[in-house]
Engineer: 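Mind looking over this structure? Questions follow.
Note that the numbering runs from 1 along the sequence shown for the chain.
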Amino acid sequence: MLGFNRRLAALEKEGGCIRVGLVGAGQMGRGLISQIEGMHGMRVVITADLFPENIKAAYRRAGVPDSRILETQDFDKADQAIASGYSVATTEAELIPQLSNVDVIVDATGMPDIGAKVAWEAIRHKKHIVMLNVEADVTVGPWLKKLADDAGVVYTGSAGDEPGAIMELHDFADALGFEIVALGKGKNNALNVHANPDTAREEAAAKGSSPKMLASFQDGTKTMVEMTAVANATGFVPDVPGMHGRKAQLAELPGLFSLTEAGGMLHRTRIVDYVDGVAPGVFAIISSSMQEVHDTMKYLKMGSGPNYVLYRPYHLTSLETPLSIARAFLQKEATIAPYFGMVAETVAVAKKDLRAGEALDGIGGFSAYGKIITAADRREQEALPIGLIGPNIRLSRDVAQGSVITFHDIEVTEQNTIMRLREQMENND
């Protein structure tokens with residue numbers, strides 16, 4: 001990420017600007033708008049949300065005066081307003097990719113099907129796409145990346161999201177020739193696979209967040225999805241289904257992430273995992289075959305070896321997304337993308353005894369939580385990816401609590417975008 005400050009300042013000095021189209025004016029979108037408003041060489045020129053007042057409020061909080069905000073659903077008016085320096089609010093997300101005055105699109109909806117549709121439309125109209133939507137990425141990301149590559153645009157996850165932050169550590173260590181033993185993140189609440197919007201409601205109200213979103217963190221789905229994205233970007237896999245998820249402090253990580261014969265918990269190296277105790281940070285466990293490197297690491301007080309931890313104690317979510325926007329536009333490079341295809345998947349597991357005829361209610365709901373497994377295991381089990389669940393899927397037979405939901409257990413009442421893209425991906429595998 002070095003040098004973007006100077007490149008963006010130079011772009012602005014030359015009269016240029018990266019014109020950003022945003023879909024979703026929730027917490028992530030609001031933060032992104034305010035962060036970009038204080039930057040050089042970049043502007044959120046149009047934002048789509050079901051509630052235009054949310055967009056206008058986000059622009060106002062970023063210091064954009066009402067006189068420079070225009071609400072419209074009209075293509076020509078939107079394009080002309082952007083060219084005249086206005087910030088546009090719209091309810092029509094499909095308008096954004098069609099605009100000539102938009103360079104990069106950001107999906108901040110958090111909804112797998114909507115995110116997949118936003119990405120597909122962006123790529124179809126040859127716009128770079130930045131995904132603040134890991135759920136969509138782990139479901140159809142490899143196919144979206146291929147479509148983007150074919151179209152000559154960038155498909156990327158976001159800096160600041162934990163997978164993007166982990167990828168920075170991975171690429172740093174990998175470029176230097178370190179052996180990477182494990183990649184991981186902290187989880188800042190105890191795992192409760194039975195969490196649902198009702199159990200999360202009180203805490204969500206206190207935090208000003210959505211009960212369903214909070215439940216998706218508490219039940220582990222978000223962590224499983226994030227580490228699936230890392231797996232597909234690096235080729236690493238979970239050591240065991242669902243990962244180990246041990247409770248530990250930072251100093252314990254090098255020993256914990258050692259092979260069992262060396263006193264650790266791992267059956268193999270090059271794995272993804274999470275730890276209860278180091279949130280909100282991310283980490284990489286590294287080693288070396290060179291004695292001189294070990295001697296230098298000890299001199300630098302990195303520990304006694306043979307494993308060492310690289311730790312980043314923060315991730316700034318959507319506040320860092322502008323770096324991915326700049327990287328896509330200026331360097332035509334992704335921050336993180338599924339370079340290895342489907343190495344791992346997050347599959348749906350029943351939160352309770354589910355009955356035939358019951359509809360699945362989506363991530364963070366009452367029906368299912370996510371669990372990471374290898375892609376090979378998902379194929380063998382014919383398990384249902386968590387990113388596909390929703391009210392358009394009904395159970396064709398009972399599924400016991402704690403059981404993986406398979407394609408044999410369901411019937412699809414209506415095809416949506418993410419399902420169609422998933423079919424395309426599997427048919428072209």
Side-chain angles (χ1 to χ4, degrees), residues 26-28 30-32 35 108 110 132-135 137-138 157-170 182-231 236 238-240 242-254 256-257 265 271-285 309-321 336 344 346 349 351 363-365 369-372 386:
Q27 184 180 17
M28 294 295 104
R30 294 195 307 270
L32 176 63
Q35 191 68 36
L132 266 166
N133 193 328
V134 190
E135 294 81 0
D137 176 72
V138 301
S158 176
D161 225 355
E162 283 157 300
I166 293 169
M167 197 69 182
E168 290 180 18
L169 294 179
H170 170 275
L183 298 167
K185 56 158 281 183
K187 189 178 187 305
N188 59 10
N189 43 47
L191 179 65
N192 173 16
V193 296
H194 304 301
N196 60 52
D198 284 347
T199 64
R201 200 170 305 282
E202 184 176 345
E203 184 179 341
K207 292 181 174 179
S209 62
S210 157
K212 195 170 183 180
M213 179 177 289
L214 182 59
S216 74
F217 284 89
Q218 293 176 343
D219 70 13
T221 300
K222 192 72 173 179
T223 292
M224 302 292 160
V225 164
E226 287 168 341
M227 297 317 297
T228 297
V230 174
F236 288 33
D239 191 34
V240 295
M243 302 180 289
H244 292 284
R246 296 286 182 84
K247 187 175 182 63
Q249 299 301 310
L250 186 63
E252 300 174 280
L253 298 190
L256 186 64
F257 285 95
M265 66 177 180
I271 63 98
V272 294
D273 216 303
Y274 73 97
V275 169
D276 177 3
V278 297
V282 298
F283 62 88
I285 307 300
V309 60
L310 300 178
Y311 178 64
R312 183 183 174 187
Y314 64 90
H315 64 283
L316 304 185
T317 62
S318 63
L319 303 185
E320 293 184 58
T321 302
I336 180 171
T346 299
V349 181
K351 281 188 179 180
I363 292 173
Y369 64 90
K371 182 177 184 178
I372 186 174
I386 194 73

Engineer: Side-chain contact test, heavy atoms from C-beta onward, threshold under 4.5 Å: evaluate it for Glu252 versus Arg246 and give yes or no.
Structural biologist: no
Engineer: So which heavy atom on Ala279 is nearest to which on Lys187, and how close?
Structural biologist: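 Nearest pair, atom of Ala279 first, then Lys187: CB-C, 3.6 Å.
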Engineer: With a 4.5 Å cut-off on side-chain heavy atoms, are Ile363 and Ile386 touching?
Structural biologist: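 Yes; the side chains approach each other to less than 4.5 Å.
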Engineer: Check whether any side-chain heavy atom of Val272 sits under 4.5 Å from a side-chain heavy atom of Ile166, and report yes or no.
Structural biologist: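 A side-chain contact is absent here, since even the closest heavy-atom pair is not under 4.5 Å.
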Engineer: Could you pull out all residues at least two apart from Lys212 that satisfy side-chain hydrogen bond (donor to acceptor under 3.5 Å, both in side chains)?
Structural biologist: none
Engineer: Got a sec: does the CE of Met265 have more than 12 other heavy atoms crowding it under 6.0 Å?
Structural biologist: yes
Engineer: Atom OG1 in Thr223, atom CD in Glu162: separation rounded to 0.5 Å?
Structural biologist: 7.0 Å
Engineer: Taking it one step at a time, do Val349 and Val193 satisfy side-chain contact (heavy atoms from CB on, under 4.5 Å)?
Structural biologist: CA-CA 9 Å; Val349 181; Val193 296; over 6 Å; no
Engineer: How many angstroms lie between CG in Asp219 and CG in Leu191, if you round to the nearest 0.5 Å?
Structural biologist: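 Here the interatomic distance stands at 8.0 Å.
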Engineer: Does any part of the side chain of Glu320, heavy atoms only, come nearer than 4.5 Å to the side chain of Ser158, both counted from C-beta?
Structural biologist: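 No, every pair of side-chain atoms sits at 4.5 Å or beyond.
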Engineer: Can you name the side-chain hydrogen bond (donor to acceptor under 3.5 Å, both in side chains) partners of Gln35, sequence neighbours left out?
Structural biologist: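 Gln35 satisfies side-chain hydrogen bond (donor to acceptor under 3.5 Å, both in side chains) with no other residue.
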Engineer: Restricting to non-hydrogen atoms, name the atom on Ala215 and the atom on Gly364 that form the minimum distance, rounded to 0.1 Å.
Structural biologist: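 Scanning both residues completely, I find the closest heavy atoms to be CB-O, 3.4 Å.
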Engineer: Does Phe236 have any ring pair (Phe, Tyr, Trp, His ring centres under 6.0 Å) partners at least two apart in sequence or in another chain, and if so, which?
Structural biologist: His170
Engineer: Give the minimum heavy-atom separation between Arg201 and Pro211, together with the two atoms involved.
Structural biologist: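 That would be NH1-CG, 3.8 Å.
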Engineer: Quick one: closest heavy-atom pair of Lys222 and Glu135, and the distance?
Structural biologist: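 Result for this residue pair: NZ-OE2, 2.8 Å.
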Engineer: What verdict does the side-chain contact (heavy atoms from CB on, under 4.5 Å) test give for Val275 and Phe257, after you've listed the backbone C-alpha separation in whole Å, the side-chain angles of each residue and the deciding distance to 0.1 Å?
Structural biologist: CA-CA 11 Å; Val275 169; Phe257 285 95; 3.8 Å; yes
Engineer: Is there a donor-acceptor pair closer than 3.5 Å between any side-chain N or O of Tyr274 and the backbone N or O of Gly220?
Structural biologist: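 Absent.
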Engineer: Test side-chain contact (heavy atoms from CB on, under 4.5 Å) on Met243 and Lys371 and set out the steps.
Structural biologist: CA-CA 9 Å; Met243 302 180 289; Lys371 182 177 184 178; over 6 Å; no
Engineer: Looking at Val138 and Val225, what are the two nearest heavy atoms and their distance?
Structural biologist: CG1-O, 3.4 Å
